[in-house]
Structure formats: structure tokens, C-alpha cells
Amino acid sequence: MAQIPPRTLQARDRALPLGPRTLVMGILNVTPDSFSDGGRSARPDDALANARRLVAEGADILDVGGESTRPGHTPVPAEEEWARLAPVLAALAGEIIVPVSVDTYKAEVAEKALKAGAHIVNDVWGFAHDPDMARVVADHDAAVVVMHNRAEVDGSLDIVADMLAFFESALEKAERAGVRRDKIVLDPGIGFGKTFPQNLSAIRRLGELRVLGLPLLLGTSRKSLIGKVIETTPAERLPGTIASNVIGIMAGVEIIRVHDVAALIQAARVAEAIRDAS
Ligand SMILES: Nc1nc2ncc(COP(=O)(O)OP(=O)(O)O)nc2c(=O)[nH]1
């Protein structure tokens, strides 16, 4: 029996309403090499300008990342990742009113970001990389995005079954560390450790994750699965980004993580109006 997810995401002193309006998380990659926008926000001034633009477009959350996690990326040491994030988070704390999430799988970086004012940890390894991450989230009363990921791609897997097992393990770690369920968002991890068919299936079968009774975040923005459906560069993938996010919104996804905030807000409002019509 599908459980009803919590209706509010408690992110430190922020209470984010979950549904019926889809929350839009704007992507702020403070990296030189992110697959679609690398270098655009590498300098703190550029990052702040892009943060202001994303908020002006209507972003409900800003997701700030200091390390590209694209396939084949070069891992960045925690010191370097934090050196990229620190000036940007400091600038955001002084000005940006929307909640900030830090996109990191390193507990050390997450802790520094939370101390610098972030509200949410976005862990693309869903508590499966750093054993200290759940404790850091609990200690700072932060919200957390637990994203499904795999070290090995295995096309023979039922990817939703693999996700459910992964999330069950993550939720056990969360419970042991004292992370309350009303702080957790689950994410299928599109493009992470999955074949092209598994990525498509993960989006189509998103509703099956509802058995865990937690809110869902979907991140398809400009990703290569769109380019595999129809030959496009990341900059040409806004229509495919909209299409894949509308599918998620029709399945009840509560948060979408996107580069193009204004366009996806319009798409989300239209999709919600149709989804919720009698
Ligand atoms: N929760 C969550 N976090 C994520 N972080 C990074 C990326 C990769 O996209 P992007 O940040 O645009 O690229 P890069 O990793 O190259 O910076 N995708 C997700 C996602 O799907 N879900």
C-alpha cells in the first residue's frame, strides 16, 4: 500500500510545502567542468549573478555544487570542492532568501556548507559513500536528498527493485543516525549507474517508489538520456527536459532539479493544472 508522503520538508528553519505545486530546484554548478554549464559560475561574482537570476526566475531552492558528477568526471578533493563553494555560500547567506542545498557526497564538505548556512544536503550517493553523512545531516537538523546511485552499471537489473533496496538501506542508516523521515527526499538518480533503458524505465515507473512514503525529486535537466532519444547537445535539450519533467510531475514528483527555471515553472504549472483537474 502506497504511503502518503509528508506534506512539508523540514529543512532546518525552513518548512518547504510539498505539493500540489512542484518545487523547482535551480542548479548552480560552481565547477569548471559540469557537463552543461561548466565554468558559467566558477567565479563567485558569476555564481552570485546566476543565483540572483535563478531566484528571480522563481527557483524555490538553489542547489550549489562544487564537483561535477558527470560520468567519467575527475573526483575533486574535499579541500578543492570546499574552496569553490565557500565564497559562493557566504555570498548567498548574506542575500539569497530561498533555501540552499549543497550538492556533495562528502560529509566534511556538507558539514562546512551547513555551518555556512545551507539548509539541505543533496547526496548523490544517498548515504552510501561517506559513513559520516547521515550523522552530519542529523546534527544540523538539515533536510537531505537521498539519490540512488550505482558504482557498476548492470543492464540485467530491475532498476526499480534495485532502487527500493538501495533506499531501504539508506533509510536504515538515516534512522540509526537520527535523521527524521520528514527531512528525507528520494531521487532515482537519472544518469547515475544506469543504462539508457534503465533511465527511461526509472522515470516511467517513478510511482513505484511511492511505497516508501517519501517525497520524490527528479533530475533529468539537459541529461544525456535526452540526447540518446534524439541527437542533441545539452544546450538543445530544453524540450526534452520539459517532457521528462512533465512525466514526473504527472506521477506526483514534488521537486524537480533544473537549469532552466522559468521554462520549467511554466511547464510545471500547466502540468499540475491538468493533473489536478477533475
Ligand atoms: N539529487 C540530484 N543531484 C544531482 N546532482 C548532479 C546531477 C548531474 O547534473 P549537473 O549538476 O547538471 O551536472 P554535473 O554533475 O556535471 O555538474 N544530477 C543530479 C540529480 O539528478 N539529482
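If you're wondering where the values come from, they're calculated on a predicted model, not measured in any experiment. Start at 1 and go down the list; that is how both ligands and their atoms are numbered.
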message: With side chain to side chain contact (heavy atoms under 4.5 Å, CB included) as the criterion, how do T104 and E67 come out once you've worked through the C-alpha distance, each side chain's angles and the decisive distance to 0.1 Å?
response: CA-CA 7 Å; T104 186; E67 175 183 17; 5.7 Å; no
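- At a 4.0 Å heavy-atom cut-off, ligand 1 touches T69 through backbone and side chain alike.
- Using a 4.0 Å heavy-atom cutoff, V124 is listed among the residues neighbouring ligand 1.
- The ligand atoms of ligand 1 that sit less than 4.0 angstrom from a heavy atom of S34 are 14 (P), 16 (O), 17 (O).
- Looking only at distances, a side-chain donor or acceptor of N149 sits under 3.5 Å from a matching main-chain atom of V124.
- Annotation: ring pair (Phe, Tyr, Trp, His ring centres under 6.0 Å) contacts of H119 (sequence neighbours excluded): none.
- If you look at M147 next to ligand 1, the close heavy atoms, those under 4.0 Å, all belong to the side chain.
- Of the protein's non-hydrogen atoms, the one nearest atom 22 (N) of ligand 1 is D187 OD2, 2.6 Å.
- Side-chain atoms of H73 and S68 form no donor-acceptor pair, as typed in the model, at a separation below 3.5 Å.
- Results of the side-chain contact (heavy atoms from CB on, under 4.5 Å) test with M163 over Q198, M147, K194 single out K194 as the only residue that passes.
- With hydrogens and angles disregarded, no donor-acceptor distance shorter than 3.5 Å links the side chain of N199 to the backbone of I190.
- Note that the CG atom of L238 and the CG atom of L264 stand 6.5 Å from one another [nearest 0.5 Å].
- With respect to atom 3 (N) of ligand 1, the closest heavy atom belonging to the protein is N122 ND2, 3.0 Å.
- Although no hydrogens or angles enter the test, the distance criterion places a donor-acceptor pair under 3.5 Å between the side chain of K173 and the main chain of F127.
- When the ring pair (Phe, Tyr, Trp, His ring centres under 6.0 Å) test is applied to F166, the partners found at least two apart in sequence or on another chain are H148.
- Nearest residue to atom 11 (O) of ligand 1 from R70, R257, K223 is R257 (criterion: closest heavy atom).
- Every atom of ligand 1 with a heavy atom of D103 under 4.0 Å away is listed here by number and element: 4 (C), 5 (N), 6 (C).
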*Worked check of side chain to side chain contact (heavy atoms under 4.5 Å, CB included) between E108 and E79*: CA-CA 9 Å; E108 170 189 348; E79 299 71 32; 4.1 Å; yes
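- An N or O contact shorter than 3.5 Å is missing between S36 and ligand 1 by distance.
- Here H73 has no heavy atoms under 4.0 Å from ligand 1, in either its backbone or its side chain.
- For ligand 1, the atoms sitting less than 4.0 Å from at least one non-hydrogen atom of N29 are 10 (P), 11 (O), 12 (O), 17 (O), numbered in the order shown with element in parentheses.
- If you number the atoms of ligand 1 from 1 as listed, the ones under 4.0 Å from a heavy atom of G219 come out as 21 (O).
- Residue, atom and distance of the protein heavy atom nearest to atom 13 (O) of ligand 1 are F35 CD2, 3.2 Å.
- At least one N or O atom of S68, backbone or side chain, sits closer than 3.5 Å to an N or O atom of ligand 1.
- Using a 4.0 Å heavy-atom cutoff, R222 is absent from the residues neighbouring ligand 1.
- Nearest heavy-atom pair across V146 and G126 is CG1-CA, 3.7 Å.
- Backbone and side-chain nitrogen or oxygen atoms of H259 are examined, and one is located within less than 3.5 angstrom of a nitrogen or oxygen of ligand 1.
- For ligand 1 and V145, the ligand atoms under 4.0 Å from any heavy atom of the residue are 1 (N).
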